[in-house]
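Chain naming here is simple, since letters A, B, ... match the order of the sequence lines and numbering starts at 1 in each. What you see is a predicted model; the values in this text were computed from it and never measured.
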Number of protein chains: 2
Amino acid sequence: MSRVEPDLSALAFSRHDHDRCTATALHQAEAQAARDGLRLTPVRRRALEILLEAHRAMGAYEVLDRLAAEGFGRQPPVAYRALDFLVSHGLAHRIQRLNAYVACLHPAEPHAPVFLICRACEAVAEAPGARVRAALEAGAAAVGFTVERASVEAVGLCPTCSAAG
Amino acid sequence: MSRVEPDLSALAFSRHDHDRCTATALHQAEAQAARDGLRLTPVRRRALEILLEAHRAMGAYEVLDRLAAEGFGRQPPVAYRALDFLVSHGLAHRIQRLNAYVACLHPAEPHAPVFLICRACEAVAEAPGARVRAALEAGAAAVGFTVERASVEAVGLCPTCSAAG
DNA sequence: GCTTGACTGTTACGATATAACACATGATAT
DNA sequence: ATATCATGTGTTATATCGTAACAGTCAAGC
Ligand SMILES: [Zn+2]
Ligand SMILES: [Zn+2]
Ligand SMILES: [Zn+2]
Ligand SMILES: [Zn+2]
């Protein structure tokens with residue numbers, strides 16, 4: 001059974017039904033957890049929900065404050081562990097430039113994302129990175145380097161903020 | 001007048017005349033400083049030399065320790081300011097993944113580098129990034145995003161460590 | 001000589017991240 | 001049933017990375 005998937009690559013930059021957007025992402029996370037035997041515990045699930053609320057990167061301490069306010073632990077490891085879990089299972093990504101984390105909108109499909117970070121509104125979108133990765137791998141292979149992981153992060157202006165001047 | 005330039009893209013991964021390698025980079029830095037009216041003061045120059053000693057990224061505090069041992073200030077801003085100067089004038093680059101800095105081997109030519117980081121020997125090489133950038137810009141443009149700055153960093157194995165298993 | 005601006009140094013603090021340990025809980029294994 | 005074990009959650013304490021704010025130096029320009 002197949003279905004037409006909406007293009008999520010610039011969703012963060014455009015007006016959209018965000019309730020549906022987060023519900024879908026959460027549902028996919030649950031499906032993946034069930035399939036792979038992951039334990040999407042209350043803290044972990046709530047951390048993901050918090051990241052999903054806005055299409056921007058949040059620092060660990062920002063997430064921690066939210067978790068603490070809701071009755072979870074209030075010490076750094078609480079947030080770091082939940083975030084590490086999400087990242088290690090592809091449910092969130094770490095933005096190196098910002099020392100921050102962003103929810104993944106399509107954890108199901110394997111992907112090597114490129115992050116587009118708007119410096120004005122702070123929105124972070126995940127763009128398809130296949131071409132970029134291919135170019136990167138080719139360049140690396142030319143000098144005998146084997147790429148295992150890569151981070152590609154661009155800072156600039158999203159369409160909305162660009163139009164606003 | 002033109003001259004054949006050696007390919008520096010994988011220099012960090014191969015055996016080479018490193019004294020000559022650092023001397024050249026330092027000479028280029030001095031030339032650039034003279035041309036652009038930059039003040040390559042003792043701390044700044046020494047910080048660059050320290051980064052040039054090894055083809056790897058060094059943390060600010062690591063550089064600071066070295067500077068302090070040589071009679072410069074021993075407080076964090078001393079290192080951060082010198083490193084910020086080097087980075088802002090293209091004489092060094094910041095590696096986001098590592099919260100660390102690496103000397104640039106060819107500051108003269110404008111470039112949008114891709115960093116190849118060996119997880120085994122920690123060497124960091126700067127590979128040509130034109131193709132990667134082009135792909136990145138194209139992908140961003142497709143969703144209306146304007147790229148202003150980008151960081152592309154790959155972690156993996158360099159040819160030497162790869163051969164060593 | 002005096003002002004000005006860039007540079008270097010300091011103290012003090014803020015922000016980010018991890019080590020190490022105590023306890024709970026649920027799944028085996030005896 | 002109860003001992004054992006693995007995983008997860010919470011804690012305290014500490015490590016690592018980064019910056020704000022201010023004081024002193026020194027050379028350039030008036
Ligand atoms: Zn949304
Ligand atoms: Zn924006
Ligand atoms: Zn060298
Ligand atoms: Zn290596």
Check: Can you name the nearest heavy-atom pair linking F13(B) to L116(B), along with the distance?
Finding: CZ-O, 3.5 Å

Notebook entry, point to check: Which pair of non-hydrogen atoms, one from L52(A) and one from T22(A), has the smallest distance, and what is that distance?
Noted result: O-CG2, 3.4 Å

Margin query: Please give the remaining members of the hydrophobic cluster of L157(B), linking ILVMFWY side chains under 4.5 Å, ordered by chain and number.
Written below: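 ILVMFWY cluster around L157(B) holds nothing else.
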
Can you tell me the distance, in whole Å, between the [atom1] atom of [X] and the [atom2] atom of [N]?
X      : N       : atom1 : atom2 : value
I95(A) : dA17(C) : CD1   : P     : 13 Å
L86(B) : dC7(C)  : CG    : P     : 13 Å
L64(B) : dG9(C)  : CG    : P     : 10 Å
R39(B) : dA6(C)  : CZ    : P     : 9 Å

Note to self: For the backbone of L64(A) and the side chain of R74(A), can you confirm whether one donor and one acceptor N or O come within less than 3.5 Å of each other?
What the structure shows: no

Next item on the list: If a protein heavy atom is under 4.0 Å from the base, mark B; if only from the sugar-phosphate, S; if neither, -; do that for nucleotides 9-20 of chain D going 5' to 3'.
Entry: BBBB----BBBB

Item checked: Of all pairs that satisfy side chain to side chain donor-acceptor pair (under 3.5 Å), the ones with a partner from residues 127-156 of chain A, not counting sequence neighbours -> E148(A)-R119(B), S151(A)-R97(B)

Note to self: Considering only residues two or more places apart or on different chains, which pairs with a residue in residues 26-56 of chain B satisfy ring-ring contact (aromatic ring centres under 6.0 Å, His included)?
What the structure shows: H16(B)-H55(B), H18(B)-H55(B)

Margin query: In terms of relative ring orientation, are H93(B) and H111(B) parallel, tilted or perpendicular, with 30° and 60° separating the classes?
Written below: perpendicular

Note to self: The criterion is ring pair (Phe, Tyr, Trp, His ring centres under 6.0 Å); which residues satisfy it with F72(B), sequence neighbours excluded?
What the structure shows: none

Might you list the N or O atoms of the protein lying below 3.5 Å from N or O atoms in nucleotides 24-30 of chain D, with each pair's distance?
none

